[in-house]
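Let me begin by presenting the structure, written as structure tokens, before commenting on it.
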Amino acid sequence: MSKVKKFWENQNTFAYLLLAPSIILLVVLIGYPMVYNLIISFQDVPVNPMMPSVFVGISNYKDVLADKEFYSSVAITVGYTFVVVVLSTVLGLAAACFLNRDFKGKKLVNALIILSYVVPSVCLIFCWRYMFNNIYGIINYFVVHVFHLADSAPLWFDNPSSAFILVCLFNIWRCFPYAYMSFIAIMTSIDKSLYEAAEIDGASKWEKFKAVTFPAIKPTMVTVVSLRMIWTFYIYAEVKLLTSQVDVLGVYLYDMAFATHDFGKAAAISLILFVFIFACVMLIRKVVLKTDED
């Protein structure tokens, strides 16, 4: 009895027992798929699950690295991710700095800002497709009939360049509320006396931002940029539903797995992307937090 009592009185053991269901769930839902994905990346997996897979070594990785379409998708995705992450973060930070004060109707403004983030993405996607429709879209109505900027309605989502721009704009508008909410939450916790002291010293708004605001929001900025980079880099649904002209890696990977049924090559692509995005996130954290580490 004393051993049993001692076992339950051990705080670490009790903590592990409480965490055990969550750990088991993570292993089942995340650990097993990752290991299985690694295994099939070295195999030629048939469509018929009753047929055995064939071990092909690193052939899938060689085929991926020799595929020109892969590099094209990587370039498009890197450019898309850079534009969306940078502009959505800057826009969210600017909005947080501007609205970090008391004014009438602040709750309504906050609700309107986060509206695009909480509304289901499918609804927003079809709203954008409706707005830019070449027959009855309101954007083309203003472009052609009101401002006479074009003789005929542009096919926005059928042109690769305009489709890329619109996909970027959509996701910047869709995602900047996340950055805004993260920054405004940390800004409201900053001691106001720090701003008062900086103002007494004659600091300008930009100097107060550099000396007080930025050091406080830096860890949050790293988290926001890291998460947004991961989510944006693997984006699929928003791009696929908006247009077929922007071949990001999510679309390329989906087509490889479910259009050509080359599951081994698709698994190899996902692992290459995992290593790439992990390295990028670690690099960002090291660069942004370099000052704090020093």
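- Phe263 and Ile39 fall into different hydrophobic clusters, defined by Ile, Leu, Val, Met, Phe, Trp and Tyr side-chain heavy atoms under 4.5 Å apart, directly or through other members.
- Put simply, the side chain of Phe157 reaches to within 4.5 Å of the side chain of Leu166, judged on heavy atoms.
- Under the 4.5 Å side-chain criterion, counting only non-hydrogen atoms from C-beta, Ser152 is not in contact with Val144.
- No side-chain N or O of Asp44 forms a donor-acceptor pair with one of Ser53 less than 3.5 Å apart.
- A distance of 10.0 Å separates CE of Met187 from CG of Leu99, quoted to the nearest 0.5 Å.
- Phe55 and Met51 are not part of a single hydrophobic cluster, where members link through side-chain heavy atoms under 4.5 Å apart.
- Separation of atoms CG (Leu253) and CD1 (Ile272) is listed at 10.5 Å; rounding is to 0.5 Å.
- A cation-pi arrangement, defined by a distance under 6.0 Å to the six-membered ring centre and an angle within 45 degrees of its axis, is absent between Arg174 and Tyr178.
- Between Asp255 and Thr260, the closest side-chain pair of non-hydrogen atoms is not below 4.5 Å.
- Counted within 6.0 Å of NZ on Lys106, heavy atoms from surrounding residues, nucleotides or ligands total more than 12; the atom is thus considered enclosed.
- Under the 4.5 Å side-chain contact rule for hydrophobic residues, Ile138 and Phe170 share a cluster.
- By the 6.0 Å contact criterion, CZ on Phe274 is open, its count of non-hydrogen atoms from other residues, nucleotides or ligands being 12 or less.
- Centroid-to-centroid, the aromatic rings of Trp173 and Tyr117 stay 6.0 Å apart or farther.
- Note that the OG atom of Ser88 and the CZ atom of Phe176 stand 9.5 Å from one another [nearest 0.5 Å].
- Counted within 6.0 Å of NZ on Lys104, heavy atoms from surrounding residues, nucleotides or ligands total 12 or fewer; the atom is thus considered open.
- From Ser226, atom OG reaches atom CH2 of Trp231 across 10.5 Å, with rounding to the nearest 0.5 Å.
- From Tyr234, atom OH reaches atom CG of Leu249 across 9.0 Å, with rounding to the nearest 0.5 Å.
- Side-chain contact check for Tyr32 versus Val28: every heavy-atom pair is 4.5 Å or farther apart.
- The distance from the CG atom of Leu169 to the CZ atom of Phe164 is 10.0 Å, given to the nearest 0.5 Å.
- Between Thr89 and the choices Val84, Val225, Ile172, the side chain to side chain contact (heavy atoms under 4.5 Å, CB included) rule is met once, by Val225.
- With 3.5 Å as the limit, one finds no donor-acceptor pair spanning the side chains of Asn60 and Ser41.
- Checking Thr213 against Tyr195 by side-chain atom types alone, a donor-acceptor pair falls below 3.5 Å.
- Annotation: side chain of Gln43 is not in contact with side chain of Val54 (no heavy-atom distance under 4.5 Å).
- For the residue pair Asn140/Trp156, the side-chain donor-acceptor check at 3.5 Å is satisfied.
- Within a 6.0 Å sphere centred on CG of Leu112, heavy atoms belonging to other residues, nucleotides or ligands number more than 12.
- With hydrogens and angles left out, the side-chain atoms of Ser193 and Asp191 include a donor and acceptor closer than 3.5 Å.
- A 4.5 Å side-chain heavy-atom check between Leu93 and Ile217 finds at least one atom pair inside the cut-off.
- A cation-pi arrangement is absent between Arg129 and Phe132, since the terminal nitrogen or guanidinium carbon is not both under 6.0 Å from the aromatic centre and inside a 45° cone about the axis.
- Under the 3.5 Å distance criterion, with hydrogens and angles disregarded, no donor-acceptor pair is assigned to the side chains of Asn133 and Tyr141.
- Remark: the Thr232 side chain and the Tyr80 side chain contain no N/O donor-acceptor pair separated by less than 3.5 Å.
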